[in-house]
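Working notes, structure below.
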Amino acid sequence: MSKYDSQAEKLNKQIFGNSSDYIDLEEYLEKSGIDVRYISNDLIDGYLRWDKNMHKPVIVVSVTGNYPVRMRFTMAHELAHLVLDYNWVPGKNNTEVEKKLKNEDILSVLAYRNKSNYTFEERKKETRADSFAASFLMPITQLKEIINDALKKDENADELVENVMKQFCVSRPAAYIRCQNVVEQMANEKQK
């Protein structure tokens, strides 16, 4: 398993429960105590902030030029920052997190369009959030089942990626990269 698969899959179950309806991530995040808002901004994809008045995290997503699957990935990316960087847990008493963040406002900004301005450390942090987001949106256990079914049916890579896109409501690039990583992982596990 990759570094984040287990933690991301656990979080997926906490947020989605037993549902296989991955389309309305916003609804599930709201039920988990995260406010989701939308803006029109062509410089950023989204950001994470702490609302001091409501005492809860807020994920803000730009609708400018973004498709629904891209906006879902942005939500998952900011959720990753909330969990990995601030140890926030859905449905738990997050008093310690709130104490740490009570004077904060903007916690994370996702600016895919301006990534060239990122420092090495910022890129590392953003890559980590992307990996976690992919693992969260495409849980390893379910993804391995889809890959094994595709292998049994002798499907080609395009068919596999298409199935993953539909199943998890993700973009082609996200599905392709995640499938490629998990197939390599499965091959390495088989060799051991």
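Everything numeric here is computed off the predicted structure, so don't read it as measured data. Residues take their numbers from the sequence shown, with the count starting at 1.
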For Val60 and Tyr38, run side-chain contact (heavy atoms from CB on, under 4.5 Å): C-alpha distance rounded to whole Å, both residues' side-chain angles, the deciding distance at 0.1 Å, then the answer. CA-CA 5 Å; Val60 181; Tyr38 297 91; over 6 Å; no
Tell me, with the steps shown, if Leu137 and Leu25 meet side-chain contact (heavy atoms from CB on, under 4.5 Å). CA-CA 9 Å; Leu137 290 172; Leu25 178 57; 4.2 Å; yes
Evaluate the side-chain contact (heavy atoms from CB on, under 4.5 Å) criterion for residues Tyr47 and Arg49: first the C-alpha distance (whole Å), next the side-chain angles of each, then the deciding distance (0.1 Å), finally the verdict. CA-CA 7 Å; Tyr47 61 90; Arg49 69 181 206 70; 3.7 Å; yes
side-chain contact (heavy atoms from CB on, under 4.5 Å) for Val83 and Leu11? Distances and angles first, verdict last. CA-CA 9 Å; Val83 171; Leu11 182 64; 3.8 Å; yes
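With respect to the salt-bridge test (charged N to carboxylate O, under 4.0 angstrom), the residues Arg37 and Asp51 qualify. Salt-bridge formation is not detected for the pair Glu30/Lys56: no Lys NZ or Arg NE/NH1/NH2 atom is positioned less than 4.0 Å from an Asp or Glu carboxylate oxygen. Electrostatic pairing of Lys124 and Glu121 counts as a salt bridge here, judged by a charged N lying under 4.0 Å from a carboxylate O. A salt bridge between Asp154 and Lys152 is absent, with no side-chain N of the basic residue lying under 4.0 Å from a carboxylate O of the acidic one. Using a 4.0 Å cut-off between a side-chain N of Lys or Arg and a carboxylate O of Asp or Glu, Arg178 and Asp5 qualify as a salt bridge. Salt-bridge annotation for Arg172 and Glu162: present, with a side-chain N of the basic residue lying under 4.0 Å from a carboxylate O of the acidic one.
Met165 and Val183 are not part of a single hydrophobic cluster, where members link through side-chain heavy atoms under 4.5 Å apart. The hydrophobic cluster containing Val161 does not contain Leu151, counting ILVMFWY residues as joined when their side-chain heavy atoms lie under 4.5 angstrom apart, directly or transitively. Criterion: ILVMFWY side-chain heavy atoms under 4.5 Å apart, direct or through other members. Under it, Val36 and Val69 are not part of a common hydrophobic cluster.
Atom SG of residue Cys179 and atom CD of residue Glu184 lie 11.5 Å apart, to the nearest 0.5 angstrom. We find the CE-CD distance between Met186 and Gln191 to be 13.0 Å, quoted to the nearest 0.5 Å. Separation of atoms OG (Ser6) and CD1 (Ile140) is listed at 10.5 Å; rounding is to 0.5 Å. Atoms CD and CG, from Glu26 and Asp35 in turn, are 8.5 Å apart once rounded to the nearest 0.5 Å. Remark: Glu27 CD to Ser32 OG distance equals 10.5 Å, nearest 0.5 Å. Between the OG atom of Ser171 and the CZ atom of Phe73 there is a distance of 7.5 Å, given to the nearest 0.5 Å.
In this structure, Leu160 and Ile147 have side chains that are in contact, with non-hydrogen atoms separated by less than 4.5 Å. Residues Phe132 and Gln7 meet the side-chain proximity criterion, which asks for heavy atoms closer than 4.5 Å.
Nearest approach of Ala129 to Ala80, heavy atoms of both residues: O-CB, 3.6 Å. Looking at every heavy atom in both residues, Leu48 comes nearest to Pro57 through CD1-CB, 4.4 Å. Minimum heavy-atom separation, Val170 to Ala175: CG2-CB, 3.9 Å. Closest approach of Arg72 to Phe168, counting heavy atoms only: NH1-O, 3.1 Å. In terms of heavy-atom proximity, Leu79 sits nearest to Ile59 at N-CD1, 3.8 Å.
A donor-acceptor pair is defined here as one N or O able to donate and one able to accept, closer than 3.5 Å; such a pair exists between the side chain of Thr64 and the backbone of Asn41. A donor-acceptor pair is defined here as one N or O able to donate and one able to accept, closer than 3.5 Å; such a pair exists between the side chain of Asn148 and the backbone of Lys144. In this structure a side-chain-to-backbone donor-acceptor pair under 3.5 Å is missing from Glu78 to Met75.
Ring centers of Phe136 and Phe16: under 6.0 Å apart, within the cut-off.
Paired with Met138 under the rule side chain to side chain contact (heavy atoms under 4.5 Å, CB included), one option of Val164, Asn12, Ile146, Ile177 passes, and it is Val164.
Side-chain N/O atoms of Glu9 and Ser135 include no donor and acceptor closer than 3.5 Å. Side-chain contact annotation: Asn163 with Glu155, donor-acceptor N/O pair under 3.5 Å present.
Environment of CG in Asn188: crowded, with over 12 heavy atoms of neighbouring residues, nucleotides or ligands closer than 6.0 Å.
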